Amino acid sequence: MKVLAVARFTLLRLRRSRYLLSAAILLAATMGVYLVTTLKAQIGGPGEVQWGEGLARLVMWLTAIWLGLHLIQDDRADGALRSTLTRPISLPEAIFGKALGGFAALCLFALAAAGLLTLTALLRGAEFQWAMLLYLPSMLPADGLVLTLTMALAQALPGFAAGVAALLARDEFFSSRALAGYERWLPDSVLAVLTPIAKTLYWLCPPTSAFFLSYRDFVRADAGWTLYLLMIPYSLFYAVAACLAASWLLSRQEL
Amino acid sequence: MSEPLIELRHARKTFRTRQGRINALVDVNLAVQEGDVFGLLGANGAGKTTAMRGILGLTRLDAGAVRLAGRERVDRRSFFRQAAYLPEEPQFYQGATGREHLLYFGRLCELTGARLRGRVDESLAVVGLSDAADRPIAGYSKGMKQRLGVAAAILHEPRIVFLDEPTRGLDPLARREVRDLLQSLAARGATLFLNSHLLSEVERLCNRVAILDRGEVRVQGLLSELLVESEHIDVQFALPPGVDPAAFGPATAAEKGTWKAIVADTAALADLAGRLARAGGRVIAARAARVDLEDYLVRVVKENELA
């Protein structure tokens with residue numbers, strides 16, 4: 001109940017703050033770019049939708065990092081976190097609530113973006129496909145993970161460094177696909193050492209936005225919807241761990 | 001005496017800064033009884049805020065224990081079910097209304113449904129903010145924010161309310177409003193733990209005080225007893241020419257060639273009068289006097305400096 005109360009108030013704050021407004025402006029800009037670039041096309045099609053989805057995806061991902069950097073830090077700066085923590089609520093509950101509120105904001109964003117993209121594509125004459133509507137929401141577990149991971153990083157590092165670290169948390173740096181790319185310029189002896197380290201890091205660290213690609217790299221199978229479903233417990237596990245890490249880091253500091 | 005409601009035992013806290021180590025608390029022991037209006041006094045940097053934040057768990061103490069109603073504090077939740085905190089400047093999200101904030105805090109205090117709405121309305125009425133409840137905080141004056149802070153603090157009817165400089169920065173009218181509110185809270189039986197260096201406020205509100213100086217408790221007890229202990233008699237006396245006033249204790253020159261001295265009680269006054277008579281002098285006036293809290297605080301701190 002208390003987690004939900006914090007989440008609800010966080011969402012209220014976000015609804016009335018510059019963050020969601022900024023995200024909405026970014027989303028509108030994305031749609032604008034998408035529309036302008038597809039004007040020349042005779043018929044709108046799935047390829048165009050994917051292009052727009054890619055843009056919206058990027059905005060969502062950056063929004064998750066942005067929220068992760070600010071959700072707790074802003075509350076700390078204006079004393080709201082102290083006001084919350086002088087109620088009968090534990091620190092992890094407060095952090096989970098903040099994360100849930102931020103995630104709810106991301107959900108609203110994803111749904112709005114998916115709806116707009118689908119509508120735009122249909123108006124351009126594309127045939128309706130469920131993937132148009134479901135692609136962006138299906139990425140939400142990964143974005144939730146980015147959000148919580150950034151929240152934790154922001155408790156240990158200065159804002160800019162935390163943002164950069166969150167950007168680097170994409171799994172492109174650890175996946176076998178990435179290693180295959182390094183083959184061109186790394187000697188075999190180095191790769192032989194690097195590969196097991198990279199694979200260990202991959203499983204230990206929370207790779208985020210391109211999880212499904214890396215998963216396919218490892219299992220060498222087109223898992224389809226199973227893959228998306230797997231993302232949920234995987235992301236949830238790391239998101240909970242990140243929230244607990246953020247709580248622990250925060251508990252070591254003056255509030 | 002019954003078990004204190006709040007007890008801070010052997011609290012120590014050192015801050016490490018670039019300039020070196022600062023001992024904010026040096027073995028501090030405080031005890032507040034149920035129903036007390038307790039004032040924690042001291043100059044700036046004496047350690048008042050650190051002590052209060054240590055009790056509240058907002059500052060990690062290096063050593064020491066906080067006990068609530070005889071029990072070691074287990075976690076934040078159980079502590080704040082019975083306690084509330086009003087910071088020096090209550091902070092609220094400017095975009096939300098007063099009522100939205102109280103509903104939020106009420107939910108965190110495990111209030112739900114009709115009871116939550118009822119308590120919010122009651123608290124708003126107590127602090128006189130019913131009319132402004134649905135306006136964004138951004139439009140509130142400093143006094144209104146302070147009153148909203150009080151409303152948030154009393155929402156779940158805590159046994160003890162911690163107040164950090166509750167009237168600091170307020171104009172005289174707003175200060176009186178907050179003071180009246182605190183008096184009405186105390187009248188309802190709430191225990192108040194007040195951290196202030198506005199001594200006139202403390203003198204009006206508190207029944208028990210502790211004086212902190214450089215991280216150590218110098219004096220602690222009932223205010224009435226402490227001030228009675230410091231009662232004395234101001235004596236004005238005259239001496240014939242050529243008699244040294246220093247022979248009658250520390251004396252200062254007063255008007256028309258007379259002298260002033262301070263004696264502890266009537267016995268000391270009788271002794272002084274006898275000695276004066278033998279030297280050809282006489283007592284012109286004697287007046288029982290009582291120091292106020294400010295004088296008392298200064299005296300305690302200065303005595304400590306000399307020691």
Side-chain angles (χ1 to χ4, degrees), chain A residues 1-22 24 67 70-98 100-102 104-105 155 244 246-255, chain B residues 13 15-16 24 49-50 52-61 74-97 100-113 116 136-138 145 148-149 152-153 155-156 158 161-164:
Chain A
M1 276 303 287
K2 290 176 192 172
V3 171
L4 289 180
V6 177
R8 196 167 158 182
F9 197 72
T10 302
L11 193 57
L12 180 143
R13 273 192 80 148
L14 286 170
R15 269 198 349 247
R16 295 180 191 173
S17 75
R18 62 185 188 277
Y19 299 125
L20 220 60
L21 181 67
S22 308
L67 286 174
H70 287 91
L71 275 179
I72 298 177
Q73 301 311 82
D74 283 8
D75 272 21
R76 282 188 74 174
D78 68 14
L81 185 66
R82 198 183 307 153
S83 299
T84 297
L85 292 176
T86 49
R87 311 286 150 188
I89 181 172
S90 66
L91 192 52
E93 280 177 317
I95 301 299
F96 280 122
K98 299 297 299 176
L100 196 59
Q155 305 317 310
L244 291 174
S247 305
W248 184 79
L249 288 166
L250 208 54
S251 72
R252 317 292 300 172
Q253 300 168 29
E254 294 288 314
L255 294 175
Chain B
K13 177 71 185 176
F15 291 108
R16 287 163 189 83
T49 298
T50 307
M52 183 181 275
R53 289 166 64 91
I55 293 172
L56 295 167
L58 294 172
T59 290
R60 286 168 64 88
L61 297 172
V74 182
D75 60 27
R76 186 188 299 280
R77 281 198 289 193
S78 55
F79 183 81
F80 282 110
R81 272 193 194 105
Q82 301 184 64
Y85 171 53
L86 178 66
E88 187 176 329
E89 283 184 33
Q91 300 293 333
F92 303 101
Y93 168 54
Q94 301 291 305
T97 67
E100 283 170 337
H101 271 99
L102 293 189
L103 285 170
Y104 168 55
F105 291 139
R107 288 186 189 107
L108 295 184
C109 295
E110 296 157 7
L111 300 171
T112 52
L116 170 64
I137 305 282
K145 284 180 192 165
L148 184 64
L155 198 58
H156 64 304
V161 183
F162 291 85
L163 305 114
D164 192 1

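All heavy atoms count here, side chains included; hydrogens, waters and symmetry mates do not. Being a predicted model, the structure only gives us computed values, none of them experimental. Proteins get letters first, then strands, A, B, ... in listed order; numbering begins at 1 in each.
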### Query
Would you say B:Gln94's side chain and B:Phe92's backbone share a donor-acceptor pair under 3.5 angstrom?
yes
### When B:Phe105, B:Tyr85, B:Tyr93 are compared by non-hydrogen pairs under 4.5 Å with chain A, the top option
B:Tyr93
### Message
Need one label for A:Val3: side chain, backbone, both or neither, based on atoms under 4.5 Å from any heavy atom in chain B.
### Response
neither
### Query
When heavy-atom pairs shorter than 4.5 Å are enumerated against chain B, which of A:Val6, A:Asp75, A:Leu4 gives the highest number?
A:Val6
#### Entry: Validation row: B:Cys109, A:Arg87 side chains within 4.5 angstrom (heavy atoms)
yes
### Query
So does B:Arg81 have more than 12 non-hydrogen atoms from other groups sitting under 6.0 Å from CZ?
yes
### Task
Could you check A:Leu85 against B:Phe80 for side-chain contact (heavy atoms from CB on, under 4.5 Å), going step by step and ending with a plain yes or no?
CA-CA 9 Å; A:Leu85 292 176; B:Phe80 282 110; over 6 Å; no
### Toward chain A, the part of B:Glu100 with a non-hydrogen atom under 4.5 Å
both
